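Please read these numbers as outputs of a predicted model, since none were measured by experiment.
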Amino acid sequence: MRMPAALRTGLPAAALAGLLAMAAAIALGGAIRQDYAALALLAGAVIVLPAIVFVQRAAAWEPRAAFAMSIVLIVIQSAVFRTRDIADKSIDAQVLMKLGAIAMMALMAATALSRIDTRRHSGDALVWFAFITYGALTSLISVKPELALVETFSHFAAFILLYGMAKLLGRINTVNALIASCFILCLMSLVAYVALPSLGRMSDWANGAFIPTSRLQGVFGTANAAGGAAGASLVLLLFLSDIPRNRPLFYALAAAFAACLVLSNNRMALVGVGVAALYIHLRQGNLPLKAALAVLGIGLVLFAYLGFGKELLAELSRSGSAEEITSGTGRTQIWSVVLRLWAEQPIFGYGAGSAKYILPNQPTLFAAAAHAHDLYLNILFSGGVIGLALLLAGLWLALRRTIRRQDDGVVALLLFFMVYGITEPTIGSLASFVPMGFYAAAILALPREGSALAGAGRAVVALGERRRPAAPGFERPG
């Protein structure tokens, strides 16, 4: 016998009303008895069902849910709310959140790979897959393999997640997700910089005390990470996003990124943004005149250096000493030790994450030398010549392809990370915004294809109207 229509629609409504009444009764009773544990459990129960639905939709790569989840994961992976010593590997709420985020990235990565046609994997992508996989394998020879496996697995999951975003959601959505993530991180960092200096500012020794300085580190963990993330996001916003420059949102994003970049006082990130902007400027026509002006500018700088070199370097340094600049803030000493140690294990290196346990114990170095302070030497130290060869091959293929198709925005992003990597490790520890931005640059350089999900070629959450003319070398969204 078929149930009457009125009864079929009334039963769910009655059940829902009953559940809401029960929840209200429990909440009221808990409030009267001041049973806050019961209230917390009730609130958790209310959140669980929508959270499960959100996770299921994101894992299935429903465009809006996958886009939102990607932002959540990038923010969780990048944010640091409790400063920890390098040797402190205890499990706390922050670590549990990051482990949960890694698990979710792995789930979305697995479902993404199952949805992407294998014929859509280019040869360039296989080089990057080999680089990421090899990095994970070097964990087996690391000083602490268990920790290294967790760290390298986070990079593997992050890379595949971004690859899935580019393939399934499209180029514009990938760029917008990174911009939105960094905007959230920058806002939190600026608030912490003002309201909570112990978290928001980098601390250093001054007059015998370890005190917060004027350099912003925010929730990025370090000042250099904050500068690298803000600089990369500024390049994404200026040269790859679809956000119109005549909208308040564009200026809000640019202001947040610029503020974090300047306050972090990360000089190489500033140089990286300058190199990216210079490349775009040179590509916009009248190259002979611009090249001549560039040569003239370089000549004037060299002339000034020859006459007032020490004074200029002292002004550029944070300490007032020219040696700070000439030594790369002590980096040249670290680089010499890295090369000496690498020569003892040149083929496979010492394994992922080993630098933080080996370098600080060298007699000529110091506790802060937890990595090579250089992308290329860091990979050489951890993965030997094999790792460095895979990295350089991937960068060469990415630059060659993007330059040939005049994809100037991606070239600018690649140049930023190649310059930034001269003094920063870029890839290391758990995956965070800077390495994810680097992976995004490599992925955006892969052969262009339409996104695999219907309608995903357009921004799933409009960050701005896409009505400005496409500049030479840029993809017209949608």
- Message: Tell me whether Gln77 contacts the main-chain N or O of Ser432 through its side chain, where contact means a donor paired with an acceptor under 3.5 Å.
- Response: no
- Note on the structure: Taken to the nearest 0.5 Å, the spacing of Leu413 CG from Thr402 OG1 works out to 10.0 Å
- Query: Do the side chain of Ser139 and the main chain of Ala148 share a donor and acceptor less than 3.5 angstrom apart?
  - Reply: yes
- Does Asn378 reach the main-chain N or O of Ala372 with its side chain, forming a donor-acceptor pair under 3.5 Å? yes
- Stepwise, does the side chain to side chain contact (heavy atoms under 4.5 Å, CB included) test hold for Asp408 with Gln284? CA-CA 10 Å; Asp408 295 333; Gln284 291 177 345; over 6 Å; no
- Item | Side chains of Val150 and Leu99 in contact at under 4.5 Å (non-hydrogen atoms) | yes
- Task: Kindly say whether Val143 contributes a backbone atom to a donor-acceptor pair with the side chain of Ser354 at under 3.5 angstrom?
- Result: yes
- Consider only side-chain N and O atoms of Asn224 and Arg267, and report whether a donor and an acceptor are under 3.5 Å apart. no
- Message: Looking at Thr111 and Ala59, would you say the former's side chain and the latter's main chain have a donor-acceptor pair under 3.5 Å?
- Response: yes
- Message: Under the criterion side chain to side chain contact (heavy atoms under 4.5 Å, CB included), I'd like the reasoning laid out for Val75 against Val72: C-alpha separation, chi angles, the key distance, then a yes or no.
- Response: CA-CA 5 Å; Val75 170; Val72 171; 6.0 Å; no
- Item | Contact summary for Ala441 and Leu414, nearest pair of heavy atoms | CB-CD2, 3.8 Å
- Distance col, row Glu146:CD vs Glu151:CD, nearest 0.5 angstrom, shows 11.5 Å
- Message: Is it true that, when you exclude Arg401 itself, more than 12 heavy atoms of the residues, nucleotides or ligands shown sit nearer than 6.0 Å to its CZ?
- Response: yes
- Message: Students often mix this up, so state it plainly: with edges at 30° and 60°, are the rings of Phe416 and Tyr420 parallel, tilted or perpendicular?
- Response: parallel
- Query: At their closest point, which heavy atom of Ile179 faces which heavy atom of Ser241, and how far apart are they?
  - Reply: CD1-CB, 3.5 Å
- dist Leu444:CG -> Met165:CE (nearest 0.5 Å) comes out at 9.5 Å
- Query: Is a side-chain N or O of Thr138 found less than 3.5 angstrom from the main chain of Ala352, in a donor-acceptor match?
  - Reply: yes
- Task: Could you tell me how the ring of Phe381 sits relative to the ring of Tyr350: parallel (under 30°), tilted (30 to 60°) or perpendicular (over 60°)?
- Result: parallel
- Item | Close side-chain approach of Leu234 and Leu261, heavy atoms under 4.5 Å | yes
- Message: Parallel, tilted or perpendicular, judged at 30° and 60°: which one describes the rings of Phe156 and Phe153?
- Response: parallel
- Task: Report the C-alpha distance between Asp242 and Arg171 in whole Å, list the side-chain angles of each, state the deciding distance to 0.1 Å, and finish with yes or no for salt bridge (charged side-chain N to carboxylate O under 4.0 Å, His left out).
- Result: CA-CA 10 Å; Asp242 64 333; Arg171 173 189 179 107; over 6 Å; no
- Message: Walk me through whether Leu375 and Leu391 qualify under side chain to side chain contact (heavy atoms under 4.5 Å, CB included).
- Response: CA-CA 10 Å; Leu375 167 62; Leu391 172 66; 4.1 Å; yes
- Item | Leu237 and Ile243: CA distance, side-chain angles, deciding distance, side chain to side chain contact (heavy atoms under 4.5 Å, CB included) verdict | CA-CA 8 Å; Leu237 176 68; Ile243 303 171; 3.9 Å; yes
- To the nearest 0.5 Å, atom OH of Tyr193 lies from atom CZ of Arg201 at 4.0 Å
- Please confirm whether the backbone N or O of Lys144 pairs with a side-chain atom of Tyr357, one donor and one acceptor, at under 3.5 Å? no
- Atom pair CE/CD1 of Met97 and Ile76 - distance to nearest 0.5 Å: 4.5 Å
- Task: Determine the minimum heavy-atom distance between Ser154 and Ser429, stating which atoms define it.
- Result: OG-O, 4.4 Å
- Distance flag, aromatic centroids of Phe129 and Tyr163, threshold under 6.0 Å: yes
- Message: Which heavy atom of Gln217 sits nearest to which heavy atom of Ser189, and what is that distance?
- Response: O-OG, 4.5 Å
- Closest non-hydrogen atoms of Trp61 and Gly164, given as atom of the first, atom of the second and distance, are CH2-C, 3.9 Å
- Message: Within this structure, what is the OG1-CG distance for the pair Thr423 and Leu377, rounded to the nearest 0.5 Å?
- Response: 11.5 Å
- Is there a donor-acceptor pair closer than 3.5 Å between any side-chain N or O of Trp342 and the backbone N or O of Gly349? no
- Is Tyr439 reaching over with its side chain to a backbone N or O of Leu161, donor-acceptor style, under 3.5 angstrom? no
- Main-chain N/O of Leu216 paired to Ser264 side chain as donor or acceptor, under 3.5 Å: no
